[in-house]
2 protein chains.
Amino acid sequence: MSLPHAILTALLERPSSGLDLTRRFDRSIGYFWSATHQQIYRELGRLEADGHIRALPAEVPARGQKKSYEVLPAGRAELARWTAAPQEPKPHRDALLLRLRAAAVVGTDGLKGELARYLDLHERQLGEYREIEKRDFPPERDSAEDRLRHLVLRAGIDLETFWTQWLTHALAEFDRLP
Amino acid sequence: MSLPHAILTALLERPSSGLDLTRRFDRSIGYFWSATHQQIYRELGRLEADGHIRALPAEVPARGQKKSYEVLPAGRAELARWTAAPQEPKPHRDALLLRLRAAAVVGTDGLKGELARYLDLHERQLGEYREIEKRDFPPERDSAEDRLRHLVLRAGIDLETFWTQWLTHALAEFDRLP
DNA sequence: AGCATCATGTAAGTAGTTACATGATTAA
DNA sequence: TTAATCATGTAACTACTTACATGATGCT
């Protein structure tokens with residue numbers, strides 16, 4: 001039950017249309033909670049029906065016409081409730097680690113190329129995060145909001161750093177396998 | 001489409017019944033691909049229908065009776081194919097980071113306790129992984145299979161190390177917020 | 001006989017994915 | 001006027017989750 005709350009957060013940061021949100025879920029918010037436009041439109045419908053958001057009054061609210069939403073007080077309250085509520089962490093699922101474990105049984109043929117490809121992807125993502133850090137978090141900015149958002153970005157940077165290091169190590173191990 | 005392959009891997013490591021698998025998915029394999037018994041039984045049915053596994057011949061294959069499975073050649077081939085095939089990494093979803101970002105908008109009330117709880121959980125998991133490493137990977141063992149499985153465990157250890165460090169840092173930041 | 005636990009399932013609901021549909025706007 | 005793109009959706013399917021059902025086995 002996190003997608004509606006991801007959308008509420010995004011809309012509180014800035015009222016948006018479905019397509020705006022879709023784009024923001026391709027970067028920013030989407031870095032740790034991805035969503036497709038189909039999911040987003042469906043969820044916007046539900047949030048509106050629940051009275052958590054409302055469409056900004058516009059001329060023609062028809063198909064093909066842009067429709068922006070803003071969060072209502074009930075939506076903000078629900079987001080605050082959810083943020084503070086105890087939640088069990090979801091168990092992870094990582095297909096690459098699974099494939100490595102499978103490779104221990106059926107052989108490593110073809111896997112090395114995948115490791116190299118993943119390394120490249122993670123290095124790119126790391127570079128992107130570092131750009132964002134340089135651009136959005138210069139040393140002088142220091143509000144509470146900035147600190148929290150910077151903390152989230154640091155998690156992303158450190159995670160990508162871990163993956164690049166681990167994949168580099170894994171590739172070196174592959175070269176030393178019989 | 002990873003669960004069937006997780007099950008094939010587990011069954012190749014050791015033929016098992018549904019409940020055996022469920023237990024193994026609560027540790028080991030489940031550390032990076034979790035599954036409930038309901039998922040497992042359903043998937044065992046499909047894998048059997050597809051000719052990838054078969055039930056070991058037993059007396060009474062009835063409800064309440066233990067039923068063990070082994071992997072057939074077609075199942076091993078499918079696992080090898082899947083292991084080597086290019087796959088796009090799934091975008092991550094992390095509710096805790098999402099909550100932190102929400103907190104930047106609606107306030108951090110109640111979140112600190114959650115961070116402390118998560119830190120405790122990750123520290124425990126890290127301890128567990130280190131026990132496994134000590135027990136299952138003594139320096140003298142060095143087959144290709146061992147190396148690959150050790151690599152997977154190292155990823156787990158390093159990930160948990162990252163989380164404990166990041167959460168410690170986050171808690172310190174929370175204390176310095178206005 | 002009664003109860004806990006082992007073991008295998010069914011059913012219903014929710015979330016996420018993939019494929020397709022449709023109208024509006026803009027540029028060649 | 002056609003094509004590309006913007007923008008909002010519908011439909012069908014797959015994966016996962018939650019709750020419940022049912023028989024077998026062993027213990028007291």
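Here is the naming used below: chain letters follow the sequence lines, and residue numbers restart at 1 for every chain. A quick note: this is a predicted structure, and the numbers were derived from the prediction, not measured.
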Does a side-chain N or O from Lys90(A) land closer than 4.0 Å to OP1 or OP2 of dC16(D), or not?
no
Nearest to side-chain heavy atoms of Gln38(B), which nucleotide of dT18(C), dA7(D), dA11(C):
dA11(C)
Partners of Phe32(A) by ring pair (Phe, Tyr, Trp, His ring centres under 6.0 Å), sequence neighbours excluded?
none
Taking only the side-chain nitrogens and oxygens of Lys67(A), find out if one of them lies under 4.0 Å from OP1 or OP2 of dT8(D).
no
Residues, nucleotides or ligands: over 12 heavy atoms within 6.0 Å of Arg130(A) CZ
no
Pair up each side-chain donor or acceptor in residues 97-106 of chain A with any protein partner under 3.5 Å, not counting sequence neighbours, and list the distances.
unit_1	atom_1	unit_2	atom_2	d
Arg99(A)	NE	Thr83(B)	O	3.1
Arg99(A)	NH1	Glu114(A)	OE1	3.1
Arg99(A)	NH2	Glu114(A)	OE1	2.9
Arg99(A)	NH2	Thr83(B)	O	3.2
Arg99(A)	NH2	Ala85(B)	O	2.5
Arg101(A)	NE	Glu13(B)	OE2	2.9
Arg101(A)	NH1	Ser28(B)	OG	3.4
Arg101(A)	NH2	Glu13(B)	OE1	3.1
Arg101(A)	NH2	Ser28(B)	OG	2.8

Counting only side-chain N and O atoms of Tyr41(B), is one of them less than 4.0 Å from OP1 or OP2 of dT8(C)?
yes
Spacing between Leu44(B) atom CG and dT10(C) atom P, to the nearest angstrom:
12 Å
Which of these nucleotides, dC16(D), dT17(C), dT18(D), is closest to any side-chain atom of Thr36(A)?
dT17(C)
Among all residues two or more places apart in sequence or in another chain, which pass the ring pair (Phe, Tyr, Trp, His ring centres under 6.0 Å) test with Phe174(A)?
none
When the distance from CG of Asp50(A) to P of dT14(C) is rounded to whole Å, what number comes out?
12 Å
For Ala95(A), what residues pass the side chain to side chain contact (heavy atoms under 4.5 Å, CB included) criterion, not counting sequence neighbours?
Ser2(B), Trp33(B), Gln87(B)
Check nucleotides 12-15 of chain D for protein N or O atoms closer than 3.5 Å to its own N or O atoms and list the pairs.
none

Go through residues 8-28 of chain A and report each residue with a non-hydrogen atom lying under 4.0 Å from DNA chain D, sorted by number.
Ser17(A), Gly18(A), Leu19(A), Arg23(A)
Review item, side-chain donor-acceptor pairs of residues 154-164 of chain A, under 3.5 Å, at least two apart:
unit_1	atom_1	unit_2	atom_2	d
Arg154(A)	NH1	Glu133(A)	OE2	2.9
Arg154(A)	NH2	Asp158(A)	OD1	3.1
Glu160(A)	OE1	His122(A)	ND1	2.5
Thr161(A)	OG1	Ile157(A)	O	2.7
Thr164(A)	OG1	Glu160(A)	O	3.2
Thr164(A)	OG1	Thr161(A)	O	2.8

With sequence neighbours excluded, give me every ring pair (Phe, Tyr, Trp, His ring centres under 6.0 Å) pair touching residues 3-28 of chain B.
His5(B)-Trp82(B)
According to ring pair (Phe, Tyr, Trp, His ring centres under 6.0 Å), who are the partners of His52(B), at least two apart in sequence or on a separate chain?
none
